[in-house]
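Hydrogens, waters and symmetry mates play no part in the numbers below; they use all other heavy atoms, side chains included. Because the structure is a prediction, the values reported are computed rather than measured. Throughout, a chain's letter reflects where its sequence line sits, starting with A, and its residues are numbered from 1.
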Amino acid sequence: MKMRNGGSILIALACASVASLALAQASKPEQRAEVSNMKLAGYNDLQARSAYQPVIVEQKGRWIAYIGHHGGERLNPLTGRNEYNGTSIIDVTDPAKTKYLFHIPGEEGRGETGGAQMVRICAGKDLPRGDPGKFYMLRVFGNQAHELWDVTVPEQPKLITTIVKGLRSTHKNWWECDTGIAYLVSGPPDWRVRRMTKIYDLADPAKPVFVRDFGLDGQQPGASGQAPFELHGPISAGPKRNRVYFGHGNNKFGILQIVDREKLLKGPKDVTRENLLYPQISRLDFPINSGAHTVFPLFDMEIADFAKSKDSKRDFIFVVNESIQDECNEARQMVWIVDVTQETKPFGVASWTVPEASGNFCSRGERFGAHASNENMTPIYYGRLIFVTWFNAGLRTLDIRDPYHPKEVAYYIPAITAKTQPDPTCVKRRNPATCKIAIQTNNVEVDDRGYIYIVDRADTGMHILELTGAARAIANFK
Amino acid sequence: MKVISAAVLAMALMFALAASMAAAQSAQNNQRADAMNMRLVGYSDLQGRSAFLPVIVEQHGRWIAYVGHQGGTAVNSLNGKSEGNGTSILDVTDPKHPKYLHHLATTGGALLTNRGEGSGALSVQVCAGKDLPKGDREKFYMLRSVGSETQEMWDVTRPENPARIAIVADKLQSTHANWWECDTGIAYINSGLPDWQVRRITQVFDLSDPVKPVLIRNFGLPGQQPGAPKPPSVRWRDGHGPFSTGPQGNRLYFGYGNLGDGALQIVDRQKLLTGPPEPTSENLLSPQIALLMAGKRQAVHGVYPLLGMEIADFAKSTKGRVRDFILIMPEAIENECREEPQMLIVVDVTHETEPVGVANFQVSEKSGNFCSRGARFGPHSTNTRLTPIYHKRVVFVAWFNAGVRALDVRNPFNLKEIGYYVPATNANTEPSCVKEDGKQHCKTAIVTNAVEVDDRGYIYMVDRNNTGMHILELTGSARQVANFNK
């Protein structure tokens, strides 16, 4: 195999084991993979579709990756037709030989205006009233609707029902598989913000039951004054912890809201100020130039250095901002760690950013900044390592065993390939020749085997990674 | 001349070393000096008095250190008399040889021996008459607290012979750390007033003419004023004194709280000074820009502003490159870590109405087994003098049994320790005790209470448990971070 300009040993090794990486090396711009303590285990080009959310589940001995896509249109080689970007379904049982199984088309449109960016999967055996032999997929259809699919046979997904439609926006949903409760990020036309939460009981996936509408006070219809910024997505800690964390804002107006789940689900449902505030335990407003995209809880963290003091155990929320401007035309979007041990007074204690100078990232083109963390709480990584996507700085792996001192222990920036596309909004606004092409690692997820999946907003595909060296030693692969 | 063999020399050296170690151990202490990038320049035993706060000023070519003491009595070696701890006045022009000039004793209620607030003469601030709007240009003035009851004004033009010239306030119930703006004369005096609901609040005085104190207003958090419903305790967010950025910055940063449940309050100075003075909830709230609750674990004792910080790594970002921060720190109270760990927090106040914590600094417990050394382990206060040598570059933090810690603050998102100095305990060091299974056990440890710098760049640290005052300088790579060139 011939490499364009030598290539590092790491790349050569990865290349030898993963045939599809040859594509990555036949690339036009001058960026090869940059790697520390991670290695490429596999790759899939995702039909060169702009990708948002990967979710990986084990289905009867097979490992299936579901990828939600942003809007766009690409050829599906399986059907030979051009299809609007929707959901990619891939067998990743052998990560070195990923197999593209099916593409479910999405909504017409580009970027966040079309596609089917969000996807979640639950096993019927986990859902209170699911068919134990089945697997269910919750996905968005563009900005219009939330849908439920039967993906028991991932090669042949079947639409079961449309949960809700007629929306003007959707985004990062959360679905509790053990209860069936789903928090659907939605934009009903009468709310004052583009995105709020519609809560459904999907315990029986074929019979969605609406529970309530929820948002920050001020976002509801009829409220006055400046509405708090729109929702990005929630993470529920489930009935045991009885908490739901909501992240609002992207690169500005960030708000972390801590909510009592029980009160949220059982409290009075009319959308009044009082009812919206009833389940709210507290909220933390970030400086106006920072958002709150992902809000990931780190419970019961034992701080080693506090061992001899009172109260060495603490709870934190790992808050990730979202960079949305190209070439650093905004304040740095990064990671914030909030101590929520005393929930009514969440208090920021640490932050972390990729040093810009370490890769000249502001000059590489497109977005540089944080976007999202993994959300699967597998014991392999939970409380030890967290993976954060950083757009043109790829994936960053942080040791968070001491959340007061997050430490980068690994990273992976994929190579640009022939498929990597410039930002469509740049192309629209400027002379396309001036739009730089860069990696845009959008979201990350891990599976229960410890593989790490990153997907690219700029059409570069999906890279499956493993930790190596000192970083791998931090994980818990027992 | 006799040739001494290498072996004999080595043995002699070993003996000398063993002898000095034995000496160190026999001095009832278990701790020798521990340093990184900091060097001891000079020392004064402060007559073996418990020290709270040092302030160093240049007076007619001499450098004078004023040290406020906590309660206790000790012999004043200048007159042979036993005196209640008050204010030590030292000539530190030559920091290698500090010269003890005068002890300004206290009497009466200030003689409490528990070293708590309200004992000795904790607070001391000095202004030059030439800076004060209505001061005598030739004179130097010292504002100090005495016991719980009194705030006094002294003429210290001749530091060997201070003279009291006014009582600023008396019949108080508590005193603590004051702040005096030398360019305006406005003083924020930490006082306890009998009719207020908490032990300490702020009395704002105009001391532009030091002999004619004018009370401007009493200030505290809404809920602390006379007539308000009783708060959970008299220590509910009681005041620790502010940091003022003066008329130009127009901000005051107030720290509140004692054992947790603290708050940082950002106040519009102009509105504070010119707003309606009656202590109604509305009037108390009107100068407040933001109140950041620190939660039940942390109080806010020390505050130190780092405003207009250019973050080098943000240079290419079009927004958010220049940011404002406040360092806030609680006060470790309990000996041997019998409390939640206390740490320094960096608060981003660029958007003043939404202050948010972005970073922390902790001395690693393991690095010195500090929880087992005896005494308190945790932060207490920073230097407050903003000399261009250190400001926005290095901040010094008093960390009780971990001595003084020098932090590189050029990037407040990522504070870095670049130096420290933990003095040796000595014969004066008083042990710190805890009760275990009904029995008291005591350990002798350093208790660095406060740190200050002077405009030459010397660093002064003083000890709560009588070890004295150590004068330090930065060395090595830490010194490079400071700005000694201009």
Closer than 3.5 angstrom, by distance alone: can the side chain of N360(B) be matched with the main-chain N or O of V349(A) as a donor-acceptor pair? yes
Working note: Y404(A) + Q362(B), criterion side chain to side chain contact (heavy atoms under 4.5 Å, CB included); need CA distance, chi angles, decisive distance, verdict. CA-CA 9 Å; Y404(A) 289 101; Q362(B) 308 167 35; 3.2 Å; yes
Do K319(B) and N329(A) pair up side chain to side chain, a donor and an acceptor below 3.5 Å, judged on atom types alone? no
Identify which part of N360(A) has an atom lying under 4.5 Å from any heavy atom of chain B, answering side chain, backbone, both or neither. both
When rounded to the nearest 0.5 Å, the distance separating OG of S309(A) from CZ of R338(B) is 11.0 Å
Quick check against the 3.5 Å criterion: does D285(A) have a side-chain atom that pairs as donor or acceptor with the backbone of E354(B)? no
Chain B interface, residue from K345(A), Q325(A), E327(A) that has the most non-hydrogen pairs under 4.5 Å: K345(A)
Highest number of heavy-atom pairs under 4.5 Å with chain A among L292(B), V356(B), D313(B) belongs to D313(B)
Heavy-atom distance under 4.5 Å between the side chains of R323(B) and N289(A), does that happen here? yes
Out of curiosity, E340(B) CD to F306(A) CZ, how far, rounded to the nearest 0.5 Å? 10.5 Å
Can M293(B) and T344(A) be said to form a side chain to side chain contact (heavy atoms under 4.5 Å, CB included), step by step? CA-CA 10 Å; M293(B) 312 282 201; T344(A) 53; over 6 Å; no
Quick check for you: among A312(B), S317(B), P355(B), G320(B), which has the greatest number of heavy-atom pairs under 4.5 Å with chain A? S317(B)
With a 4.5 Å limit on heavy-atom distance, are the side chains of T353(A) and F413(B) in contact? no
Which of G357(B), P341(B), C371(B) touches chain A most, by non-hydrogen pairs under 4.5 Å: P341(B)
